[in-house]
Each structure stands twice: as structure tokens, then as C-alpha cells.
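Working notes, beginning with the structure itself.
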Amino acid sequence: MDSQTRQNALAVRALDTRDQWEEANRAQFERNKFVNDIAISPAARTYRTIVPQPLRDRIDTGSNNLDEPRIFANNLLQGRFDAAHKTFGRFLVNSILGLGGLFDVASLGGLERQSGDFGQTLFVWGFESGPYWVMPVFGPANVRDGIGRIVDIAGDPIQWILPKWVGEWPLTGVSVAAGLGQVELLDDLQQGSVDPYARFRSTYLQNRAGELAQAAGITIVPELVEAEPAAAPAAKKPRGKSKAKRQR
């Protein structure tokens, strides 16, 4: 198998872009949007009003640092040892020189943040994505990524180690605050969009294609990922029908 054939095969396996559960997905999207509009978005606006930008930045950076052990574990499971080395270095440098992860000193030194989650790991191990799926609260995903998110939450090393010293509530508070800081980005996606559902879906597919490409060590073109699954039904059209149309 040449490199291009392998890349195309991985692209098809990466994401099933057919929205097989569209009706149910749209219904769940509207439920998520309702919860966001009446609770999450107002809480995020209050958070941005009360907490100054410099402090929000420190919370976001600290939350990212707490994710590094999970990313490191998935880098190892994916066989991405160079990425694991960088992730371990980032966590060590930022935890010590970055005052417990409040400052991203590692990026200044050239250690860029790596991607790494269990959905990626399942992809590298050969699991198909399964249908596109809008999860309650969590939003756009697919069956493989949905399972991956559950495993990441349940198996996060930080959740098993740090609570012994700092307790559950501080960690939960940092995670919630960091999540509220991202709500503005989600609100912006909905603004000026004729079909917010389609926009969220497209954004997820393109972002996820890049993350899976990094895990597989190849380049997955989003257009290829979008187009590949749709090509199969087109090939099934009978030739006689198309000839008849030309003769009219």
C-alpha cells in the first residue's frame, strides 16, 4: 500500500461524515442549545464580567496543564513517543517554572502543546468512528469519540492523584471555570449562521480531522474526509437513466 492509498484509507476511517442520526442529533442539539441559552451562557457572561482577563488566562493555562498527564498517557498508547516526551517535558517545566502550571513557560521554550485523547487512541488502534453523534451537554462527537471522552474522564490520572492533596472541589472549580471561558467561542459560532447545527458539525469534523491526522502521523485533508463517504452512493446510479436524460 503506497502512502497516498494509506492516507485515503485512514481518512475514510477517521470520520464517518454521513449524518445517519440527523433527526435525533438535531433534537439533541436544540436541547443542548436550550441549556446553554438559559444556564451556561449566562453563567459564562457573569464569569467574564466578574473575573478579570489576566486571572481567566491563568485559570485556562492551569486547566491545560492539568490535562497534560491524560495527553501523555494517550500519546504512549498511540505509540507517539516523541509527542509523549514533549508532553512530559511540558508538564514538568510548567508545573515547576510555571508556578504549578499557571504560566505556559514550555511553549516559550519551543515545547508546543500536543493533542492526545482516547478517541484518537481508538482511531490509531483501528476502530471505526461510527456515526456522527451529538452528545448531551458535550455536543458534537461520534460513537468512537463519545466512548473516548468517557474513558478520558474516568481514567484521568489527575483525578486519581491530586484529590488526595487538594480535594475534589478545587479541581472541579478549575475545570468548570475553564469550560465557561470557552462558551464565548461556541456562542460566536451560532451568531450569523443560518443553520447553527450544520456549522457546529462542519467545525467539529474539520478540527477532528486535524487531531486524528496528528495522531496517525499523516495529513488528512478535510475536503477528502467530507467527500469520501458521499462518493459511494453516487457510483450506484444506473447508467441507463443518465443516458435517457441526455437524449431528452
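Being a predicted model, the structure only gives us computed values, none of them experimental.
Between the side chains of S95 and N65, at least one donor-acceptor pair of N or O atoms lies under 3.5 Å. In this structure, a donor-acceptor pair under 3.5 Å is present between the side chains of T121 and N74. Side-chain polar atoms of N64 and D104 form no donor-acceptor pair below 3.5 angstrom. Side-chain contact check for T87 and Q114: no donor-acceptor pair (N or O, by modelled atom type) lies under 3.5 Å. Between the side chains of D19 and N25, at least one donor N or O lies within less than 3.5 Å of an accepting N or O. In summary, the side chains of N207 and E211 do not present any donor paired with an acceptor at a separation below 3.5 Å, with no hydrogens or angles considered. Donor-acceptor pairing under 3.5 Å is lacking for the side chains of T49 and R45.
Distance check, rounded to the nearest 0.5 Å: CG of N36 to CZ of R31 gives 15.0 Å. Rounded to the nearest 0.5 angstrom, R90 CZ and L92 CG are separated by 12.0 Å. Here the CG atom belonging to L66 is positioned 11.0 Å from the CG atom belonging to N94, to the nearest 0.5 angstrom. Rounded to the nearest 0.5 angstrom, D152 CG and R70 CZ are separated by 5.0 Å. Annotation: the span from N75 atom CG to Q120 atom CD amounts to 8.0 Å, rounded to 0.5 Å. To the nearest 0.5 Å, the span separating OH on Y197 from CD on Q28 amounts to 11.0 Å.
With salt bridges taken as basic N to acidic carboxylate O contacts below 4.0 Å, none links D60 and R56. Using a cut-off of 4.0 Å between Lys/Arg side-chain N and Asp/Glu carboxylate O, D195 and R199 are scored as not salt-bridged. One finds a salt bridge joining R208 and D117 here, because a Lys/Arg side-chain nitrogen approaches an Asp/Glu carboxylate oxygen to under 4.0 Å. For the pair R26 and E30, the salt-bridge criterion is not met [side-chain N within less than 4.0 Å of a carboxylate O]. In summary, E68 and R113 engage in a salt bridge, as defined by a charged side-chain N under 4.0 Å from a carboxylate O.
Contact annotation: the side chain of F200 never approaches that of L205 to less than 4.5 Å [non-hydrogen atoms, C-beta and beyond]. A heavy-atom distance below 4.5 Å is not found between the side chains of F103 and L97. The side-chain heavy atoms of D16 and N142, taken from C-beta on, include no pair separated by under 4.5 Å. Two residues are said to be in side-chain contact when any heavy atoms from C-beta on lie closer than 4.5 Å; S115 and R80 meet this criterion. Counting heavy atoms from C-beta on, the side chains of V143 and W21 come closer than 4.5 Å. Counting heavy atoms from C-beta on, the side chains of V35 and I40 come closer than 4.5 Å. Contact check for F88 versus P69: no side-chain heavy atoms found under the 4.5 Å cut-off. Using a 4.5 Å cut-off on side-chain heavy atoms (C-beta onward), V93 and V105 make contact.
Formation of a donor-acceptor pair under 3.5 Å by the N32 side chain with backbone atoms of V137 is found in this model. A distance-only check finds no donor-acceptor pair linking the side chain of S202 to the backbone of A198 [under 3.5 Å].
Residues G146 and A141 share a closest heavy-atom pair of N-CB, 4.3 Å. The shortest heavy-atom contact between V124 and Q78 is CG1-O, 3.8 Å. Closest non-hydrogen pair, E112 versus S107, comes out as OE2-O, 3.9 Å.
Ring geometry, Y132 versus Y204: the interplanar angle falls from 30° to 60°, so the pair is classed tilted.
Ring-centre distance between F72 and F91: not below the 6.0 Å cut-off.
The number of heavy atoms from other shown groups lying within 6.0 Å of CD (E23) does not exceed 12.
Hydrophobic clustering (ILVMFWY, side-chain heavy atoms < 4.5 Å, transitive): W125 and I147 are in one cluster. Both M135 and F127 belong to a common hydrophobic cluster when Ile, Leu, Val, Met, Phe, Trp and Tyr are linked at side-chain heavy-atom distances under 4.5 angstrom. L111 and I71 fall into different hydrophobic clusters, defined by Ile, Leu, Val, Met, Phe, Trp and Tyr side-chain heavy atoms under 4.5 Å apart, directly or through other members. Linking Ile, Leu, Val, Met, Phe, Trp and Tyr whenever their side-chain heavy atoms come within less than 4.5 Å leaves L108 and L99 in two separate clusters.
Note that R149 lies outside the cation-pi zone of F118, set by a 6.0 Å cut-off to the ring centre and a 45° limit from the axis.
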**OP:** For side chain to side chain contact (heavy atoms under 4.5 Å, CB included), just list the numbers for R144 and L212, CA-CA rounded to whole Å, side-chain angles, deciding distance to a tenth of an Å, and then say yes or no.
**Re:** CA-CA 12 Å; R144 182 182 61 209; L212 294 177; 3.5 Å; yes

